[in-house]
**Q** 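To start, I am sharing the structure in question, which I have written as C-alpha cells.
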Amino acid sequence: MASLSLRKIKKVYDNTVVAVQSFDLEIADKEFIVLVGPSGCGKSTTLRMVAGLEVITEGELYIGEKKVNTVPPKDRDIAMVFQNYALYPHMTVYDNIAYGLRLRKFPKRVIDQKVREAAEILDITELLKRKPKALSGGQRQRVAIGRAIVREPQVFLMDEPLSNLDAKLRNQMRSEIIKLRQKVNTTFIYVTHDQTEAMTLGDRIVIMKEGFVQQVGTPNEVFHHPANLFVAGFIGTPQMNFFDARLERTGDDYAVSVGGAQVALSAEKCRRLLAGDVQSQDVTLGVRPEHIQLTEASGGIAATVDVSEMMGSAIHIHVDAEGRDVVIVVPVSEEEAESGVWYTRGMPLRFVFRGSAAHVFDKETGRNLELPPKEPEPPAEEPALPEEPPAGRVSLEKPAEKQREPALVPAGPEREGEIGNPFADD
Ligand code: ADP
C-alpha cells in the first residue's frame, strides 16, 4: 500500500513526440484512480512511466516517500496487468500464478497458500489444474490478475485489462474488479478508454486529451461539473447536447436563451457564475439528453424527430433543433411500452430543460464558466544544476529493460511491446 505523487511529469518520445506533459497528481494510499481518454491521449504512457517501463523525460515520480524516477521496475513494488493476458501456455493456472513467487524463492508452503488465496478471491480454484488454452478470455484475465495479486504489490497498475473481452464479460469483470478492490485493498491505477468503466470503477477519474490532463475529479464531479467542453462531451452516454446560446446576466441572476426559449439558471449555478463575475455573453450551452423534457406547451425549443431508438426502459429520440443534432432520453413506463409509444421521423416536438441542468461554456476556450478560471502558472525557475538530464538527452539513456513473457494469442487486438511483465517474473 502506498501513496503516489506525480509532479509535472512529461514524456517525449524520440525527442519529438510529446506524449504527456504537465501531469500533476497526488494519489492517496488505497485510492482507485482511473486514467481515461481517447486513444493516443497519453494514458498508457503515464502508466508505463509509473511502472518504470518508460523513462520519465521531465518531472518527479514518488511512490510513498521515495523518488523512483530511476528505480528499475522490479524494485518499485508494483504489479501490472495488461490488456493481453501474457500467460505461459505450457503451464497450469497454478504454475502461472506461482511462477513469480518461485523465482523469488518463496517457500513452497507459502506459495501454495498465496496461490490458493488468490484463486479463492478470483473464484478460479476449480481451474488451477487447467492450462490457459482451456480457459475463456475472462478466466485468463483472472489468472493474470491472480499472478499480480500474489505479489501483494504496493501499487496495482492495470492497462485496459478488459478490452479484449466481449461486452457481457466486460460488465461482469468490471463488477469483479470492484469486489477485488475491496478484497486486496491497495492503491490502483487503471487505464481505459471506456468512460463507463472509468465512472464505475474510479474513486477519482483523470480525463486526458492530447497529453494534457483535462480534469481530475470524482465520477460525480466530472459528470455534474465538467471542467470544459471536452470533458462534458466525453463523460456520459448518450453524449451531452450542445447549443449556441446567449447567457444573460441581470443583477445577480442568470438565464440562458436558446431557440426563442429563456431558462433561468438555478440558484446554485447563479452563485457559481457570480463568484467568477461572469458577464452576459454568447456561450455554448450543454444539456444532457436525460435532462431534457418534452413539453406540450407552445414554449420551449422546437425540434423535428430524425430517428428514435427504443432502448427498453427509455426511448432515445434524435431530433434536429437549432441546426444541431440533439438526443433526448425519454423514460418509458411499462404501460407506455405496451401501448407502443413511438416518435416517427418528421414529427414536430418541443422540449425544455431545467435551469439546474444547463452547463454554460466559454465560446472560445470551451471552459465551464461555472468553474473558477485557472490561475496562470508561475514562470518556471531555471535550476542552477538540473537534477534530471535535459529532455534532449533522455532518449540516449538506456530505457528500462522490457522483459517479455510468451503471450497467449489474445482474443482481440494486441499492441506491440505490451506483452512483457517485468514485475511478476524477473
Ligand atoms: P493512450 O494510452 O492514451 O492510447 P499512449 O500513451 O499509448 O496513448 O500514446 C500517447 C502518444 O505517444 C501517442 O501519440 C502515441 O502515438 C505516442 N507513442 C506511444 N508510444 C510511443 C513510442 N514508443 N514511440 C513514439 N511514440 C509513442
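One-based numbering, in listed order, for ligands and for the atoms of each. Along the sequence shown, residues carry numbers from 1.
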**Q** Only heavy atoms of P38, strictly under 4.0 Å: list the atoms of ligand 1 that pass.
**A** 3 (O)

**Q** Looking at Y13, I'd like to know if the NZ or CZ of K11 sits under 6.0 Å from its six-membered ring centre while staying within 45 degrees of the ring's axis.
**A** yes

**Q** Among G211, G40, G37, which residue places a heavy atom closest to atom 1 (P) of ligand 1?
**A** G40

**Q** Going by the atom numbers of ligand 1, which of them fall below 4.0 Å from some non-hydrogen atom of C41?
**A** 1 (P), 3 (O), 8 (O)

**Q** Could you tell me whether E54 and ligand 1 have an N or O pair separated by under 3.5 Å?
**A** no

**Q** Taking only heavy atoms of A19, which atoms of ligand 1 are found under 4.0 Å from at least one of them?
**A** 10 (C), 11 (C), 12 (O)

**Q** Report yes or no: is the cationic atom of R288 (NZ for Lys, CZ for Arg) closer than 6.0 Å to the six-membered ring centre of F223, at no more than 45° off its axis?
**A** yes

**Q** Only heavy atoms of S39, strictly under 4.0 Å: list the atoms of ligand 1 that pass.
**A** 4 (O)

**Q** Please confirm whether the backbone N or O of A2 pairs with a side-chain atom of D29, one donor and one acceptor, at under 3.5 Å?
**A** yes

**Q** Check each atom of ligand 1 against the heavy atoms of T45 and keep those under 4.0 Å away; list them by number with element.
**A** 5 (P), 6 (O), 9 (O), 10 (C)

**Q** Do any nitrogen or oxygen atoms of G42 come within less than 3.5 Å of a nitrogen or oxygen of ligand 1?
**A** yes

**Q** Cationic tip of R7 within the cone over Y62's six-membered ring, i.e. under 6.0 Å and within 45° of the normal?
**A** yes

**Q** Which bit of D14 is near ligand 1, meaning a heavy atom under 4.0 Å away: side chain, backbone, both or neither?
**A** side chain

**Q** Test your reading of the structure: does V17 have an N or O sitting under 3.5 Å from an N or O of ligand 1?
**A** no

**Q** Measure the shortest side-chain to side-chain distance between R181 and K30 over non-hydrogen atoms and say whether it is less than 4.5 angstrom.
**A** no

**Q** Got a second to check how far L180's CG is from M173's CE, nearest 0.5 Å?
**A** 8.5 Å

**Q** Would a distance-only check, ignoring hydrogens and angles, find a side-chain to backbone donor-acceptor pair under 3.5 Å from Q83 to E160?
**A** no

